[in-house]
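Reviewing the structure listed below.
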2 protein chains.
Amino acid sequence: MYRIKKNKGNKKKANYVRIAQEAGVSIATVSRILNNYPHVKHETVKKVIDSMNMLGFDTNEIVIKPKPKNSSLIIFNIPSLNNPFYSQIVNGAEAAATRHGYHILINESDINLWNFNHLLDVLKKFNVAGLIISNYLSSELLDKLNSTVPLVQCCEYNEDSDISYVSIDDTLASKRVMEYILSNNRRKIALINGPMHYKYAQHRLSGYLNALKNANIPIENNWIVNLPEIDYSMAVSACSHLLNLSNRPNAIFAISDVFAAATIKASSNVGLRIPQDLLVVGFDDVDIAIMTNPTITTVKQPKFQLGFRACELLIEKISDPNVALRKILLDVEFIIRESSVITSLIE
Amino acid sequence: MYRIKKNKGNKKKANYVRIAQEAGVSIATVSRILNNYPHVKHETVKKVIDSMNMLGFDTNEIVIKPKPKNSSLIIFNIPSLNNPFYSQIVNGAEAAATRHGYHILINESDINLWNFNHLLDVLKKFNVAGLIISNYLSSELLDKLNSTVPLVQCCEYNEDSDISYVSIDDTLASKRVMEYILSNNRRKIALINGPMHYKYAQHRLSGYLNALKNANIPIENNWIVNLPEIDYSMAVSACSHLLNLSNRPNAIFAISDVFAAATIKASSNVGLRIPQDLLVVGFDDVDIAIMTNPTITTVKQPKFQLGFRACELLIEKISDPNVALRKILLDVEFIIRESSVITSLIE
């Protein structure tokens with residue numbers, strides 16, 4: 001007999017798997033119980049303790065804690081307030097929360113290894129009912145959060161974790177954008193991409209590369225631009241550089257409308273006409289896409305729905321920690337505007 | 001002898017004034033103590049109780065509560081995530097909070113009478129150290145909040161309350177915009193204004209009206225447009241209507257860059273050239289002001305500083321509830337761009 005909490009690494013994981021199988025619950029549930037997570041039903045805790053006893057594990061350290069006072073506070077983590085993409089997503093979550101008597105407060109942080117503990121601190125210090133996260137995190141960090149409060153992923157998700165998510169199929173959306181651009185007889189297509197630690201950036205790159213491959217177009221490395229954040233001014237500089245290359249592209253797929261707006265500004269600075277000289281497609285469909293001149297052809301994300309459904313999943317998980325894992329991908333729409341169609345043709 | 005808590009209205013207020021004078025503290029401090037507000041120093045409570053005893057008030061109901069567990073949670077209330085104006089303000093507050101070991105969570109609500117209790121609920125339920133508010137509230141509602149947690153006003157402020165604030169001088173800024181437009185030989189000036197329950201909307205209107213009066217220009221009511229929220233599409237519709245009037249203006253002062261961008265779109269739709277046919281000035285200096293074509297001449301608000309200083313004031317107030325009332329107005333800058341200057345002249 002030995003204490004499971006003192007076993008580290010792979011051996012610990014193997015034990016979790018055995019216990020989960022024996023008790024007929026998920027590995028995450030076993031982890032939650034062994035970490036004295038407060039949101040597990042008492043009968044589930046009992047089932048796991050029985051199974052552990054049967055398997056010969058020491059269960060003396062497991063405490064069935066009194067249920068803490070119910071909280072109605074949900075925290076919605078977003079990477080940046082400055083990216084207009086998140087406002088409607090949060091609005092969707094707020095609508096779902098209000099429906100169920102919950103309150104939403106927003107945490108703005110682009111989570112990385114050095115500031116992760118700050119968020120964990122917030123969750124531990126304040127009586128938080130649950131967390132919606134729209135940063136991309138490793139399975140380990142997700143597990144840490146998930147063993148502190150119920151957790152759901154929104155927009156960004158880590159496929160390797162067993163945390164439910166609501167998102168879109170970025171690879172498919174990117175492929176569709178590329179097929180549209182190719183069908184407009186442009187083969188010199190640049191990609192203005194965001195930070196590669198985001199799932200969306202990896203998937204949109206992969207859709208871009210697949211489409212080029214299918215069309216037998218060689219990859220031009222100069223035409224794949226990665227920017228470290230969704231920042232307009234930085235993107236204007238990067239696009240100006242791109243458009244001044246001797247072999248400049250004749251189409252741009254920008255993975256954010258903010259970047260597409262920057263492309264339009266850079267084109268205007270160097271005297272290129274859109275779409276005649278440069279066809280531009282954005283992503284998200286935020287207000288900026290109709291503010292620019294020309295307006296921006298873009299992929300419309302179901303922003304309100306992304307937030308609403310993520311919050312509904314979270315509230316389900318708060319009331320039943322053993323609720324099944326859900327992986328929801330919502331449909332996007334393609335909106336054709338002036339940046340890809342010569343205006344006189346559509347007037 | 002009578003119980004002060006049972007006296008309502010004016011009589012209650014007169015009593016508060018007497019006690020405050022006797023004890024040498026502010027009326028707000030008396031109110032905090034009589035409402036069992038947790039953040040008052042014990043020696044101050046004692047001083048007030050002594051004064052009340054001297055004046056013949058019953059002090060039996062006043063409890064010196066044990067100090068609650070220190071919280072490091074500051075809530076920043078903003079009216080809307082969709083208005084890009086607030087993102088840098090919150091960033092400023094986050095920087096100040098981090099400096100002092102506090103956490104900021106954002107509450108998005110356009111506070112009005114029917115949803116006020118929702119915010120009050122959040123403050124009461126969660127262990128909140130303080131609140132920064134950027135909605136305009138009546139003195140009564142501000143007092144209710146301020147007797148729940150330490151409170152500071154940011155951007156919007158109610159001059160009648162004794163709650164510290166950090167803001168700008170909107171009347172002066174508006175007057176400067178008008179003088180600039182007038183100096184460009186435009187006398188047919190429209191105002192695209194926001195919701196009139198905001199201090200900024202009232203003050204900018206007043207700066208607009210004063211400038212017209214000083215220039216002996218009669219007011220044209222059709223040219224004063226009030227919109228119920230900072231919404232781009234709504235503003236495009238309103239501006240299109242304005243620009244189709246038989247007596248249309250030749251200059252527009254938009255109280256938000258979002259509205260200025262909408263004016264540019266509406267002008268382009270009806271074939272007006274900016275600035276030749278219509279000079280446009282915005283307000284705030286958000287990214288949108290450099291995304292449009294032409295770019296927008298605007299009043300740059302010190303957004304980061306507004307948030308930073310508001311948060312510093314709040315943290316001071318959290319550590320010393322009797323800190324002096326502060327009324328801080330920061331300077332703005334005027335940024336000239338293409339929407340007011342014919343480009344060939346500045347190139």
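If you're wondering where the values come from, they're calculated on a predicted model, not measured in any experiment.
Between F126(B) and H103(A), the angle of the ring planes goes over 60°, which puts this pair in the perpendicular group of the 30/60° scheme.
Counting heavy-atom pairs closer than 4.5 Å to chain A, the top residue among T98(B), N293(B), I288(B), L81(B) is L81(B). Interface summary for chain B: among Y86(A), F76(A), Y232(A), the most heavy-atom pairs under 4.5 angstrom belong to Y232(A). Per-residue counts of heavy-atom pairs under 4.5 Å with chain B were compared for N83(A), V122(A), D231(A); the largest is that of V122(A). Interface check for chain A: of the options I290(B), D121(B), N107(B), T295(B), the most heavy-atom pairs under 4.5 Å are formed by I290(B). Note on N91(A), I104(A), V286(A): by heavy-atom pairs under 4.5 Å with chain B, the leading option is N91(A).
Within 6.0 Å of the NE2 atom in H241(B), the count of heavy atoms belonging to other residues, nucleotides or ligands does not exceed 12.
D287(A) has its side chain out of reach of V258(B): every pair of non-hydrogen atoms, C-beta onward, lies at least 4.5 Å apart.
If you measure heavy-atom distances from S109(B) to chain A, you find no contacts under 4.5 Å at all. E94(B) touches chain A through its side chain: at least one heavy atom from C-beta onward sits under 4.5 Å away, while N, CA, C and O do not. There is no contact between I264(B) and chain A, counting heavy-atom distances below 4.5 Å. Using a 4.5 Å cut-off between heavy atoms, S233(A) touches chain B through its side chain atoms alone. Interface residue L73(B): backbone and side-chain heavy atoms are both found under 4.5 Å from chain A.
Shown here for T292(A) and K265(B), the closest heavy-atom pair between the two residues is O-NZ, 2.9 Å.
Exactly one of V90(A), I106(A), L105(A) qualifies for a side-chain contact (heavy atoms from CB on, under 4.5 Å) with I106(B). That residue is I106(A).
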Using the rule given for side-chain contact (heavy atoms from CB on, under 4.5 Å), can you reason through N127(B) versus K125(A), listing the C-alpha separation, both sets of side-chain angles and the distance that settles it, and then say yes or no? CA-CA 9 Å; N127(B) 186 16; K125(A) 273 193 179 156; over 6 Å; no
